[in-house]
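We use all heavy atoms of the structure for the numbers below, so side chains are in, but hydrogens, waters and symmetry mates are not.
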Amino acid sequence: MAEAREFTNPELDEQFGLKIEKGEREHLHRLKLIDVGKRGQAFTYTLSEDGWATAAEIFRNGVPRSSRLAARALEAVVRAMVSGLLRHMERTGSPLAEIFGREEDLTPAGLTTSVDEPVHEPAPKREAAAVQEPTPMRGAVPPVVSLAGTPTTVTGPDTTVTSGTTVTSGTAGTAVASGADVETRIRKAYAQLAGKPNAWVSLTHLRPLLADAPRDEVDATLRRMIGLPDVRLVPESNQKMLTDEDRSAAVVIGDQAKHLILIGA
């Protein structure tokens, strides 16, 4: 759980001085607490969804006590750390999967694109509107987006903006405008669903409010937004609670399905 990655026995032994023997491996696998694979001749171990749920239950109920002094001392250290982490989780609403998730899962490489570089994304499916031919962009200009009302064209030296439909700015063009428009709609939908500041909102409830936006555009925008300082996307810590609808609504980032979103003030 703490490493949030796959381990082999040699790696476990080298890093933690621990090996999982055959009987232990079969027992843990039978309980569905770990997923077992093979890397060359070595077995690999990964915490399963039931393993994450069990770890979360231990955090909530407390680490069990041992009768041996050395074990009790070690457990006391772990118990103190768990207590502090539990306070943090209750204070912030952070699940275990976010706290112990690996950095590559939180900010996947290759998702940020310079505004000066061409971006190739599917054109948004929206009502057609007249857009003036833009002049070449000499600098990055922030897009202006309107979600409602009569389309209005605003023209500047480097940018042409048509509210409600398309924003064109240099070589980035429609792709940048599309992402900005979808992000604005995601933020508005979140604000509509969140009952209080910094509340977690399920993507299962968020997606119906974005039903007319293409799924791939929404997913691409969510993957970009996870790198923003006020946005957090995390998996549901209790995987047993997930429904088929929850799994379908999730966005996959770094090979991990994210089910909940929080947008700060």
Between the side chain of [X] and the main-chain N/O of [Y], is any donor-acceptor distance below 3.5 Å?
X	Y	value
T44	R39	no
D13	P10	no
S248	D244	no
T8	F43	no
E217	P214	no

Worked check of side chain to side chain donor-acceptor pair (under 3.5 Å) between T184 and D181: CA-CA 5 Å; T184 301; D181 182 41; 5.6 Å; no
Do D246 and T204 have side-chain atoms, one donor and one acceptor, less than 3.5 Å apart?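 Yes - a donor-acceptor pair under 3.5 Å links their side chains.
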Which heavy-atom pair separates [X] from [Y] by the least distance, and what is that distance?
X	Y	value
I186	I261	CG2-CD1, 4.3 Å
A257	A250	CB-CB, 4.0 Å
K258	Q256	NZ-OE1, 2.7 Å
A213	V218	CB-CG2, 3.8 Å
I226	I253	CD1-CD1, 4.0 Å

Using a 4.5 Å cut-off on heavy atoms from C-beta on, say whether the side chain of [Y] contacts that of [X].
X	Y	value
L228	E183	yes
T54	K32	no
L209	Y190	no
L206	L193	yes

Enumerate the residue pairs fulfilling ring pair (Phe, Tyr, Trp, His ring centres under 6.0 Å) with a member in residues 234-256, sequence neighbours excluded, ordered by first and then second residue.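 Of all non-adjacent pairs touching residues 234-256, none passes ring pair (Phe, Tyr, Trp, His ring centres under 6.0 Å).
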Atom NZ of K38: over 12 foreign heavy atoms under 6.0 Å: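 Count over threshold, so yes.
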side-chain contact (heavy atoms from CB on, under 4.5 Å) evaluation trace for M225 with I263: CA-CA 10 Å; M225 289 176 68; I263 301 179; 4.2 Å; yes
Could you pull out all residues at least two apart from L260 that satisfy side chain to side chain contact (heavy atoms under 4.5 Å, CB included)?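 Side chain to side chain contact (heavy atoms under 4.5 Å, CB included) check on L260 returns W200, S202, V234, E236.
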R215: which residues meet the side chain to side chain contact (heavy atoms under 4.5 Å, CB included) condition with it, sequence neighbours left out?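 Listed in chain order: R207, D219.
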Trace of the side-chain contact (heavy atoms from CB on, under 4.5 Å) decision for R224 with V231: CA-CA 10 Å; R224 178 178 59 80; V231 177; over 6 Å; no
Any chance you could measure [X], atom [atom1], to [Y], atom [atom2], to the nearest 0.5 Å?
X	Y	atom1	atom2	answer
E11	E14	CD	CD	8.0 Å
H27	L33	NE2	CG	7.5 Å
D35	L28	CG	CG	11.5 Å

Hydrophobic clusters here meaning ILVMFWY residues chained together by side-chain heavy-atom distances under 4.5 Å, can you tell me if [X] and [Y] are in one?
X	Y	result
L222	L242	no
L31	Y45	yes
V36	F7	yes

Please determine whether side-chain contact (heavy atoms from CB on, under 4.5 Å) holds for the pair H259 and Q239, giving the CA-CA distance in whole Å, both sets of side-chain angles, and the decisive distance to 0.1 Å. CA-CA 10 Å; H259 309 97; Q239 299 285 311; 4.1 Å; yes
Go through it in stages, so that I can follow the logic: the residues are L12 and N9, the test is side-chain contact (heavy atoms from CB on, under 4.5 Å), and I'd like the CA-CA distance, side-chain angles, deciding distance and then a yes or no. CA-CA 5 Å; L12 279 173; N9 255 341; 4.1 Å; yes
So, E26 and R30, do they make that salt bridge, N to O below 4.0 Å?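 Between R30 and E26 there is no salt bridge, as every charged N stays at least 4.0 Å from the carboxylate O atoms.
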